Amino acid sequence: MADTSARTLRLLSLLQTHRSWSGTELAQRLRVSARTLRRDIDRLRELGYPVDARPGVDGGYQLAAGAAMPPLVLDDDEAVAITVCLQAGSQGAGDGLAEPSVRALGKLVTVLPTRLRRRVDALRAMTESAAWTAVPLSDVDPAVLTDLALTCRREERLTFTYTAADGRISTREVEPHRLVSLGRRWYLVAYDLTRHDWRTFRVDRLTASTTTGTRFRPRPLPAPDAATFVHNAIGARRSGYTVTAEIEAPATDIHTRIGRWCTVTALPADRTHIEMTADTLDWPILLLGRAEAEFQILSPPELVSQLREWGARFARAT
């Protein structure tokens, strides 16, 4: 029975890639006969998984969409990645996703294997969010994130190769403090033992990281928290625009709609002042549209010109 259950889970994992598998391919992967494969497919259907079967030379098996969502089979990296995204969603403000994200996160963590739960717990404990935008989207291996989080938790020195923005490559030895998600990036906050100062490192530029086995006593961070430190460090060297505007809507409504991406200040007569920084002016235009209210641009003048261009383009389209 144990072999049958394990094989059924393996079959489900293959089908969840959403590609069409021939019966021969699946039977070879599972090392079973065609008859046993058909029984396993029937078992999945009994459990509520809609598996489509197409006969003929070009036929095969494929998992279809069903009326209800059955349990999923996740590999280690997928489980960690979903946990990271759910944690980011649980920290969102006013977008309706925070509460369901917390519920889903609780369910997922409860059923994680011990080897993964330890890594995920470290990631949750050692991560802070500065929330310029939603979920970080940079190409960072979940295993790298959890390894860094464990090193932060163990208070163990770390060495790695780092590629700076100008392409220069250097080897760093640091005392890791926290991971921070900011905008669409992950950052490691650490005390650089070569520069003798606190630094932020983009995780996607960090390679060949290894722990030294040397423990350290944590130093006081020169900021209220790691998220503030990264926000200040990155904000100080961000190029682009500071956008300010007044919106004809209450501050509570604006905070709900776009508050995670800008600073919201209530004004008299149910008006709202917002301020944000951006590398380009396209993003502020999209946010102002999402505010769903009349607004007035205060700065910069370039935004007014670009808004006129967008307006003319949309008018021509309609």
Side-chain angles (χ1 to χ4, degrees), residues 1-90 92 95-124 134-147 149 181 184 186 204:
M1 181 62 70
D3 290 342
T4 301
S5 299
R7 189 178 65 246
T8 303
L9 288 175
R10 172 61 177 158
L11 172 60
L12 177 58
S13 179
L14 292 172
L15 290 173
Q16 283 180 341
T17 61
H18 289 290
R19 58 163 288 189
S20 180
W21 294 86
S22 72
T24 302
E25 285 182 297
L26 288 176
Q28 290 176 345
R29 289 290 189 105
L30 299 173
R31 299 180 181 179
V32 297
S33 66
R35 184 178 179 181
T36 300
L37 174 63
R38 288 193 294 271
R39 286 202 301 264
D40 290 345
I41 292 291
D42 289 339
R43 188 175 295 109
L44 284 179
R45 288 169 175 160
E46 292 171 0
L47 293 172
Y49 295 91
V51 181
D52 289 341
R54 296 192 303 277
V57 177
D58 296 328
Y61 297 98
Q62 187 170 24
L63 191 65
M69 187 177 73
L72 302 176
V73 177
L74 305 172
D75 63 28
D76 289 3
D77 284 350
E78 289 169 344
V80 173
I82 290 176
T83 303
V84 171
C85 293
L86 287 174
Q87 180 176 344
S90 69
D95 56 6
L97 296 177
E99 183 178 346
S101 295
V102 170
R103 294 200 306 269
L105 185 61
K107 293 177 182 178
L108 180 59
V109 171
T110 300
V111 299
L112 285 176
T114 302
R115 69 179 187 282
L116 287 184
R117 188 178 303 174
R118 181 174 63 89
R119 301 174 72 86
V120 168
D121 284 345
L123 186 59
R124 296 170 66 190
V135 181
L137 299 177
S138 60
D139 294 330
V140 176
D141 188 337
V144 173
L145 290 176
T146 55
D147 285 344
S181 61
R184 295 176 179 264
W186 285 94
D204 58 315

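Here the structure is a predicted model, which means the values were calculated and not measured. Basis for what follows: all heavy atoms, side chains included, without hydrogens, waters or symmetry-related copies.
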(message) Restricting to non-hydrogen atoms, name the atom on S20 and the atom on R54 that form the minimum distance, rounded to 0.1 Å.
(response)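 For S20 versus R54, the nearest heavy atoms are OG-NH2, 2.9 Å.
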(message) Which heavy atom of R45 sits nearest to which heavy atom of A53, and what is that distance?
(response)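 For R45 and A53, the tightest heavy-atom pair comes out as NH2-CB, 3.5 Å.
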(message) Tell me whether the count of non-hydrogen atoms from other residues, nucleotides or ligands lying under 6.0 Å of CZ in R29 goes above 12.
(response)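 Counting other residues, nucleotides and ligands, CZ of R29 stays at 12 neighbours or fewer.
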(request) List for me each residue that meets side chain to side chain contact (heavy atoms under 4.5 Å, CB included) alongside T36, sequence neighbours excluded, and say none if there are none. (result)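 Side chain to side chain contact (heavy atoms under 4.5 Å, CB included) list for T36, sorted by chain: R7, V32, S33, R39, D40.
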Drop me the distance from [X]'s [atom1] to [Y]'s [atom2], to the nearest 0.5 angstrom.
X   : Y   : atom1 : atom2 : value
R10 : L15 : CZ    : CG    : 10.5 Å
Y61 : E25 : OH    : CD    : 12.5 Å
L11 : W21 : CG    : CH2   : 10.0 Å
D42 : T8  : CG    : OG1   : 11.0 Å

(message) Has W186 got a side-chain atom pairing as donor or acceptor with L145's backbone, closer than 3.5 angstrom?
(response)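 Flag not set: sc W186 to bb L145 has no pair under 3.5 Å.
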